[in-house]
Amino acid sequence: MATTTSAPLLTLAGIRKEFPGVVALAGVNFELLPGEVHALVGENGAGKSTMIKIISGLYRPDAGEMAVGGEVAEFRSPADSIARRIKVVYQELDLVPDMSVAENVFLGGYPKTPRGLVDWAALNSRTESLLAELGLDIDPGTPVGELRVAEQQLVEIARALSQQAQIVIMDEPTSALSPGEVDRLFAVIEQLQQRGVGIIYVSHKLDEIFRIADRVTVFRDGQLVTTTPIAETSIQQLVTWMVGRELSDLYPKSPAVIGEPLLRVSNVSGPGIYDLSLTVHAGEVVGIFGLMGAGINSVGRVIFGASPRTAGQVTLAGQEVGAGSPGDAMEKGLALLTENRKEDGLVLPLSVKNNMTLASLRKFATFGWLWPRQEIKESADYVNRLSIKTPSLRQQVRFLSGGNQQKVLMARWMMRDPKVLLLTEPTRGIDVGSKAEIYRLIDEMAHRGLGILFMSTEIPEILGIADRILVMREGRIVAAFGRNEATQERLVAAAASDLNDAIVEAG
Amino acid sequence: MSAEISTPARSVGASGQSSLQDFLRRLFGSQEGVLFLIVAVLWLYLMSRSDVFFTQRNIGVMLSQVSMIAITGFGMTMLMIAREVDLSVGSMQAFAGVTAMQALNESHSLIVGLLAALAVGAIVGAINAGATLGLKISSFIVTLAMMQIVRGLAYTSTNAAVQNEHKLASFKKVFNGAFIENPVRIPNPVLTMVIIFIIFGLILSRTTFGRSIYAIGGNPEAAALSGIPVNRIKAICFIITGMLAALSAFMLIARMNSGQNNAGFGFELQVIGSVLLGGASLAGGKGTLVGTLLAAVLLGTVNNGIVLLGYNSNWQTAVVGLMILTAVFLDTMRRRMTGQS
Amino acid sequence: AQDSSPTAAEMEGDAMVRSMDPSALPDGWTLPEKVGHVTNYLVHEWYQNLTKGEQARADEWGISFSINDANLDLETSLAAVDDLVSQGVDVLNFTPVNEEASGPKITEVAATGLPIICESSPTAGCTTLVSIDDYAAGFKVGVWAGNYVNENLGGQAVVLDVGLPALTTTVARSTGFWDGLVSVLGDNATLAQSVDGQGLKDQAVTVSADALTAHPDVNVIFGINDDSALGGMQSYEAAGLDMDALLVVGFGCEGNACKDALAEGSPYKVSAAMFPEYQGRLLIDAGIVAFNGVELPPHLIAPSTPITADNLGDFYTLEDGAYSANFDAIAQISVEGES
Amino acid sequence: MSSVFASPQENGWQKWKAVWARNEALSLLVLLAGVIALFMVIEPTMRKSSVYWDLLRQVSPTMVAAVGITLLLLSGEFDLTVGSMLALTGIVIVDTFNRTDNMWLGILAGLLTGLVIGAINGTFVTVIGMESLMTTLGMMFAIRGLVYVYTNQTPIVDQNRFTQFTRLWFKNFGPVPSPIIVALVLVALAYFLATRTEFGRNTYAIGGNANAARVSGINVRRVKFTLFVISGLMASVAGLLYTAQTDTGYFNAGLGFELEVLAAVVLGGASLAGGQGNVTSTALAVLIIGTIGKGMRLMSIDTTQQLLVIGIVMLIAVYYHRIRKQTAARLTQEAYAARQAARGNVLA
Ligand SMILES: Nc1ncnc2c1ncn2[C@@H]1O[C@H](COP(=O)(O)OP(=O)(O)OP(=O)(O)O)[C@@H](O)[C@H]1O
Ligand SMILES: Nc1ncnc2c1ncn2[C@@H]1O[C@H](COP(=O)(O)OP(=O)(O)OP(=O)(O)O)[C@@H](O)[C@H]1O
Ligand SMILES: [Mg+2]
Ligand SMILES: [Mg+2]
C-alpha cells in the first residue's frame with residue numbers, strides 16, 4: 001500500500017489543454033506516489049485520456065507544469081516520457097499486429113549486439129522471462145495479432161516491465177477482460193505496486209476501483225473535482241462527484257408489460273454459436289450473459305444476418321427472417337447495435353445527423369430523393385430526447401465522446417421504429433451517467449412495446465435491466481433465470497460451470 | 001425516471017453567429033474555400049496581365065478544356081468517396097474514342113456513336129467493379145492493370161487514328177469547341193459539364209444513393225450493417241465513372257475530329273489529381289463535386305494562363321506541380337489551425 | 001545538317017541504294033538473313049506505314065524482318081537493341097527515342113561490326129541515316145506557303161506554330177518553315193506564338209485553342225506533323241473563325257487524314273510529304289548495301305516535296321479508300337542540295 | 001518451446017502449405033522459374049545465357065528504385081517522384097560533368113540530388129504534415145517541369161564523353177554486368193537494414209501501426225524522413241545507372257517509371273497500406289516483369305499486346321497473392337485455435 005510520506009513520482013500543476021472549441025483540461029493538479037494505485041474517474045469526455053496523453057508526451061499542455069521524481073519534465077514526444085520510465089497502456093491497445101510478441105515488447109528499444117544490430121536471441125529470451133514473470137505461456141515469436149485481447153494487454157504490461165517503468169498508466173484496461181482475466185491483471189498490478197511502481201488507473205467500473213485503488217481522483221468537464229483516499233468514499237459519492245448531481249437510480253426498471261412473442265429464434269447455429277433457441281416478447285428485456293468469448297457477440301450478428309446462419313430459423317412477429325441479409329432483417333423490424341462502435345457502427349467522417357439517419361434514409365426520401373427538412377427535424381428531436389451532447393447536428397461524429405457516440409447509434413436504430421432491438425454490450429467504455437441514460441432508454445423502449453435482446457458481459461447491468469436472463473457458454477445457452485431468481489453468484493456459476501451440468505431449457 | 005446530464009445539450013440547428021461570419025468560416029474552413037481563393041487570386045492576376053483572359057471566348061475555351069477532366073472527375077469523385085479508384089480512365093479516352101468513331105463511321109448516326117462510347121465505358125466500368133468486388137483485389141491495382149489492358153485494346157482495335165469518315169454535320173456541333181451556336185450561348189462542352197455537375201451534385205448531396213456513398217467510404221462495415229447494399233453501390237459508381245470517362249472521350253473525338261488511339265496519356269493523373277486536390281482522399285468518405293470542379297478549373301486556368309501570357313510551355317508541367325503543392329500545403333495548414341488533423 | 005560532305009565512294013553507295021532491284025542482286029553479294037527495326041512509336045501512322053514499306057521490301061528480297069517498338073520509352077528502346085542483337089540480326093534498323101541518349105549504346109553495338117541503319121534522327125554509331133532533310137523540307141513548304149499567302153491571303157501571314165521542341169528534327173521543321181516563309185514574305189510574316197503540341201492531336205487541339213484566343217488574327221497554322229496541323233485546324237474551326245482566311249501547313253502526310261484534307265479542299269493546303277512507304281524501302285535497301293561492305297554517306301536523304309491537292313494524284317493512287325504510293329514518281333523527286 | 005507454425009495438427013502436407021502460404025518470395029521464385037521455362041520453350045533466343053546477362057543489366061535501375069520505394073512503403077508512405085528523379089539526376093550529373101569537367105563531382109552531384117529531393121519530400125510529409133501521395137504527385141510534376149524549363153527539352157550531352165562513366169553501365173566483370181552488382185549490393189543493404197537493424201524493425205512497426213510506434217517512443221517522423229531520403233537516394237542511384245547507359249541528361253527519362261516501379265512493388269506482395277512486404281520479393285518481382293517484357297520483345301510481340309499481357313499477369317498475380325495471404329491467415333487461425341485448445345485459457 002501507498003506510503004504517503006515518500007516524495008511523489010509525478011506531479012502535475014495547473015495543467016491546461018484546449019482543443020478547438022473544447023477545453024479538455026482546465027488547470028489540473030495531480031500527484032502520484034510510489035507504490036500507489038491512483039484511480040482516475042469521470043464521465044466520458046471529462047479529460048482523463050487527455051491528461052494521460054500529456055503525461056505520455058503525446059500532447060503538450062497549453063499551460064501548467066509537470067514534474068517527474070521532483071524534476072521538471074517537459075515532454076516533446078513519447079520517447080521523452082519513456083526515457084523517464086513512464087509506460088502507458090492505452091484504452092485502444094497499441095500493438096503492431098503483424099509483429100511478434102517479442103518485437104512488440106521491446107518496440108522502440110530493442111536489445112542490440114555490440115555492433116548495433118538487433119540481438120534476436122536476447123530479444124526472445126528476455127521476452128520469455130518477462131512473460132514468465134507475468135505467468136503468460138506464449139511463444140515470443142507469435143504474432144501479436146493472434147493473441148486474445150487479455151493476452152495483448154499483458155504484452156503491454158510486459159512492455160512496462162521491459163522498460164522498468166516507474167510509472168504505469170492504464171486507461172480502461174479491463175473493458176475487454178473476463179473476470180478471471182481481471183483477477184490476473186490485478187495480481188500483476190499488486191506485483192508492480194510492491195516494487196514501488198506508481199499506477200494511474202482509469203476505469204468506468206467503479207467496483208474495480210474499490211478493489212485496487214488507494215486513492216481516487218474525480219474529473220468533471222476538464223476540472224479536477226477532488227482527490228481522496230478510496231477508504232473515505234463510496235460508489236454513490238463518486239458517482240455524485242462525476243455527474244455533478246445525485247444519481248438516485250442507475251437501473252430505472254419499470255414493471256414490464258409482457259406482450260405477444262415477437263422474435264423467435266429456433267435452433268440457430270452460426271460462427272461461434274450452436275443450436276440457439278430463444279423468444280423475445282413485446283415489452284420484454286431479455287438479457288444474455290456470458291463471459292468474454294462465450295459467443296454473446298455472435299448472437300446478435302447471426303440473428304441479424306451480419307454473420308452467416310448455418311442452421312435454424314428466425315421469425316419476427318410470425319414472418320421469417322432470411323439468413324445472412326441485414327437488409328431483410330431490417331425490413332422485418334430488427335435492429336442491431338454492434339459491439340464495436342468504431343469498427344462497425346459509426347461512420348466517423350460523417351455528421352451526427354447523417355450517422356443517425358443512415359439506416360432509415362428511405363423514410364426521408366421519395367424515390368431516393370431526400371427531404372432534408374424532415375431529416376433535420378427528426379435528428380434534432382433525437383438529439384434532444386437522448387440528451388446527446390453535440391455542438392450541432394453537423395458535427396462530425398468522431399469528435400463526440402464515447403457515450404454520446406453510443407447514443408447516436410441508439411438513435412440510428414430507434415429511428416427505424418424496430419420491433420425488436422438487439423443490443424450488444426451497449427455500455428462498454430461508457431461512463432456511469434451515460435449508462436444510466438442508456439438504461440433509461442432501454443426501459444422506455446420496452447415500455448413502448450419493443451422487444452429487447454440485451455447481450456452483456458457485465459452482471460450488474462444484466463441484473464439491473466433484464467426481465468429474463470439467459471446464460472451463454474461456449475456458444476450455447478446453458479441456463480435461464482427469471483428476474484427474481486437471478487443473482488450474481490448463480491450467473492457466474494452457470495457461465496463458468498462445466499458443460500456436463502444440467503442445461504436449463506432456454507426461451 | 002429521467003436523468004439529466006450535467007451540461008444540458010445545446011439546442012441544435014440554430015447557429016449563434018451572423019451569417020457573414022458563418023459564411024467566412026465555411027469559406028476558409030474547407031478545401032473548397034482554399035481552392036476558391038487560389039482560383040480567385042489567379043483570375044485577378046491573369047485579368048490584370050492579359051486583356052484576353054476574361055473574355056467570353058477565352059473563358060469558354062478554357063472551360064471547354066476543363067470540361068473533360070471535370071466530367072470524368074465527377075465520376076471519380078463518387079468512386080473515391082466510396083473508397084475506390086479508377087486508373088483506367090486515361091486509356092478509356094483512347095479506347096472509347098476510337099470505338100465511338102468507328103461506330104459513327106459505320107452507322108452514320110450520332111446516337112449510335114455516343115451509345116457505343118457509353119457502352120464501352122459501362123462495360124469497362126463493370127469489369128473494374130467485377131474484378132475489384134468479386135475477386136476482392138484493391139481497385140488501385142485492378143485498374144492499374146486495366147489501364148494497360150484498355151490501352152492495349154485501343155491499339156489492337158485500330159493501328160492508326162480513326163478518321164472522321166461519316167462527315168456528320170451534327171457531330172461537329174455537339175461537343176466541338178467553344179462557340180457553336182446554341183440557345184444559351186454557353187459552349188456545349190461547358191453546358192454538358194454544368195448539367196452533369198448539377199445532376200451528380202444533387203445525387204451526391206440529396207439522395208439516399210449519395211448518402212450511401214459517403215457512408216460506404218466512411219465505414220463500409222457500418223454501412224452494410226445499416227442495410228446499405230455496399231457492393232451494388234460501389235459497382236454503380238464504377239460504371240458511372242466508366243461512362244463519364246467515355247462521355248469525355250466522345251467529347252474529345254468531337255474536338256479532334258478523329259479517334260486517336262494514343263489519346264489520354266496521363267489523363268488519369270490529371271483527373272485523380274483534380275479529385276484529390278478538390279478535397280477527396282484515397283481513404284474515402286469525403287470529397288465534393290464543387291471541390292473537384294474548382295480543382296479542375298484551377299489546373300485549367302494555369303495551363304490557359306501560361307499560354308496566354310506567352311510563357312514557355314515548359315512551365316506548364318512545373319506550375320501544375322507547384323499548384324498541387326500549394327493547395328496541399330494550404331489545406332494542411334488550414335486543418336492544423338482548425339484542429340482537424 | 002551538320003554532316004560533312006560525303007566522299008565519292010560514299011556517293012556511289014548512295015546511288016547504289018537508290019537503284020537496288022530485287023530481281024538483280026549485284027554479283028558476289030549476299031543478302032542479310034534477318035533485319036530488325038527498333039521503332040520508337042509504332043502506334044503512330046508514320047511508323048505503321050514505314051514498317052509496312054520495310055516489310056514489303058523485305059518480302060520482295062526474301063529477307064526476314066521483325067519489329068520491336070519502344071513506345072517512346074528510352075530504356076525499352078535500348079533494351080530492344082540488345083534483344084535484336086541477341087536474336088542475331090544481320091542489319092539493325094533503328095529509330096531513336098532520343099538520338100543523343102542512344103549514342104553510347106549504338107556506338108557500342110556498332111563496334112561489333114553490325115550495320116546500323118538509322119531513321120529519322122542522326123545517332124552516333126549509325127552506319128547511315130535514312131531520312132528527309134527536315135530543314136530543307138520545311139523550307140520548301142515555307143516558300144510554298146509564302147506564295148500562297150501572297151496570292152490568296154493578302155500577303156500578310158500571322159503564324160501559329162504547333163511545334164515539338166523536344167526533338168531536333170521537329171525543331172528543324174519549324175525553323176525551316178519559318179525561314180522559307182520569311183524568304184518570300186519578309187517582314188509581312190509574323191510569328192504569333194509557338195506552342196508545344198507534343199506531336200499528339202489531343203495536346204495540339206488543347207494548346208492551340210488557348211493560343212488562338214490570345215491571337216485570333218492567326219491566318220497560318222504550321223504543324224510539325226499531320227496531327228499537330230490538323231489539331232490546330234480543328235481548334236481554329238471550333239473557335240468559329242473564318243475558315244476561308246486560313247492556311248494550314250502540315251508535315252509528313254503519312255496518313256489518310258492529310259490526304260483526305262488536301263483532296264477535300266479544306267484550309268489544309270500543303271504538307272511536306274515524307275513518303276513513309278518509300279523510306280521503308282530505302283531502309284531495307286541501305287541495309288543490304290551496308291551489309292555487303294559498301295561505304296555509305298552519313299546521311300542518305302529521303303525525298304520530300306510539298307504535296308498539295310494538285311500533285312497528290314502524282315504520288316498516291318486512291319483505290320477503295322486506300323492510298324498506294326507511286327514509288328517511281330517519288331524516286332524522281334530531287335534531293336539535290338539537301339544535306 | 002513450441003512455435004505456432006508447428007502446432008500439433010499440422011501434418012507434412014499442412015506444413016508445406018504453410019511454407020507456401022507464408023513465403024511470398026518462394027512463390028515469386030517459382031513464378032520466375034516458370035516464366036523463364038515457358039519462354040525457353042517457345043522462344044529459342046531465350047535459351048542463350050547472354051540474354052539473361054542483358055536482362056540483369058537492364059532491370060538494375062528499376063530494381064534499385066523499387067527497393068527504395070519498398071522500404072518507404074513499409075512505413076506506409078508513398079513516393080511518386082522516382083520517374084522525374086531519373087530525369088533530374090541525369091540532367092544534374094551531365095550538366096555538372098560539362099561545367100566542372102570532373103566525373104566524380106558529377107556523380108556526387110547526382111547522388112546529392114536524390115538526397116535533397118528526398119529531404120524535401122520528407123520535410124513536406126513529416127514536418128509540415130502533408131499527405132505523401134498528393135505531395136509527391138505535386139513534386140513529380142514540379143521536378144519534371146523544372147527539368148523541361150532548365151533544359152528547354154534538349155538533351156544535355158556529356159561533352160567529355162567520360163568512358164569511365166559509361167563503363168558503370170557497359171562494363172562486365174566476367175559475364176556479370178556492373179549495374180546489377182550495384183543493384184544487388186543495394187538490395188542486400190536494404191535487406192539487412194530492414195531485417196537486422198532497429199531502424200528497419202521500426203519501419204515495419206510504423207507501417208503496421210503508426211500509433212503503436214509513436215507511443216513506444218519511436219520517432220516516427222525521423223524514421224519516415226530518413227526513409228524519404230533513402231528512397232530519394234535510391235532513385236538517384238537508379239538515375240545514375242540509367243544515365244551511364246546514355247551518357248546524356250534526357251529530360252523525358254523515366255516517364256511513367258513510377259507506375260512501372262509500383263507494379264513491381266505490388267507484384268512483390270507489398271501492401272499499399274504499409275507494414276507488409278520485403279525487398280527480396282520486390283527484387284524478384286522486378287526480374288519477373290523484366291523477363292516477361294524481354295521474352296515478349298524477343299518474340300516480337302506488339303507493344304500493344306505486351307500491355308495487355310502485363311495487365312493480365314498483374315491481375316492474376318495480385319489475385320494469387322490474395323489467396324495466398326488468405327490461406328496464411330486461415331492457417332494461423334487454425335494453429336491458434338489448436339494452441340488454445342491444447343493449452344486451455346491461459347488466464348482463467
Ligand atoms: N484530438 C482531439 N481533438 C479535439 N478534441 C479532442 C481531442 N481529444 C480529445 N478531445 C476532446 O477533449 C475532451 C476530453 O477528452 P478525453 O478523451 O480526455 O476524455 P476521457 O475522459 O478520456 O473520456 P472517455 O471516458 O470517453 O475515454 C472531450 O470533449 C474530447 O471530445
Ligand atoms: N466469423 C467467425 N468465424 C469463425 N469463428 C468465429 C467467428 N466469429 C466468432 N467466432 C468464434 O466464436 C466464438 C464466440 O465469438 P464472439 O465474438 O461472439 O465472443 P465474445 O463473447 O464476444 O468474445 P470476445 O470477447 O472474444 O469478443 C469465439 O471463439 C470466436 O473465435
Ligand atoms: Mg478516454
Ligand atoms: Mg467478441
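Any value given below was found using the heavy atoms of this structure, including those in side chains, with hydrogens, waters and symmetry copies removed. Naming: A, B, ... by sequence-line order, numbering from 1 per chain. The structure presented is a predicted model; accordingly, all values stated were derived computationally and were not measured.
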J.: Which answer fits Arg57(D), side chain, backbone, both or neither, if we ask what part of it has an atom under 4.5 Å from a heavy atom of chain C?
T.: neither
J.: Under 4.5 Å between any side-chain heavy atoms of Gln87(C) and Pro44(D), yes or no?
T.: no
J.: Side chain, backbone, both or neither: which part of Val171(C) has a non-hydrogen atom closer than 4.5 Å to chain D?
T.: neither
J.: Of all of Asn98(C), Leu72(C), Leu167(C), Asn68(C), which one pairs up most often with chain D through heavy atoms under 4.5 Å apart?
T.: Asn98(C)
J.: Would you say the side-chain atoms of Glu75(C) pair up with the backbone N or O of Gly254(D), donor to acceptor, closer than 3.5 Å?
T.: no
J.: Flag the pair Gln306(D) / Asn71(C) as yes when at least one side-chain heavy-atom distance between them is below 4.5 Å, and no otherwise.
T.: no
J.: For each of Thr248(D), Asp247(D), Thr246(D), tally heavy-atom pairs with chain C at distances under 4.5 Å, and name the one with the top tally.
T.: Thr246(D)
J.: Rounded to the nearest 0.5 Å, what separates atom CG in Leu84(C) from atom CZ in Arg297(D)?
T.: 9.5 Å
J.: State whether the side chain of Lys48(D) and the backbone N or O of Ser86(C) hold a donor-acceptor pair below 3.5 Å, judged by distance alone.
T.: yes
J.: Can you find a pair of side-chain heavy atoms, one from Asp196(C) and one from Gln153(D), that are under 4.5 Å apart?
T.: yes
J.: Go through the atoms of Leu74(C) and report whether side chain, backbone, both or neither lie under 4.5 Å from a heavy atom of chain D.
T.: both
J.: What distance do Asp69(C) atom CG and Asp302(D) atom CG have between them, rounded to the nearest 0.5 Å?
T.: 8.0 Å
J.: Considering only heavy atoms and a distance below 4.5 Å, find which of Gly103(C), Ala79(C), Pro165(C) pairs most often with chain D.
T.: Ala79(C)
J.: With chain C as the partner, which of Phe257(D), Tyr250(D), Trp169(D) has the greatest number of non-hydrogen pairs under 4.5 Å?
T.: Tyr250(D)
J.: Please give me the minimum heavy-atom distance between Asp82(C) and Asp54(D), naming the atom from each residue.
T.: CB-OD2, 3.5 Å
J.: Which region of Ser50(D), side chain (C-beta onward) or backbone (N, CA, C, O), has a non-hydrogen atom less than 4.5 Å from a non-hydrogen atom of chain C, or is it both or neither?
T.: side chain
J.: Roughly how far apart are Glu260(D) CD and Thr76(C) OG1, rounded to 0.5 Å?
T.: 7.0 Å
J.: More than 12 heavy atoms of other residues, nucleotides or ligands under 6.0 Å from CD of Gln164(D): yes or no?
T.: no
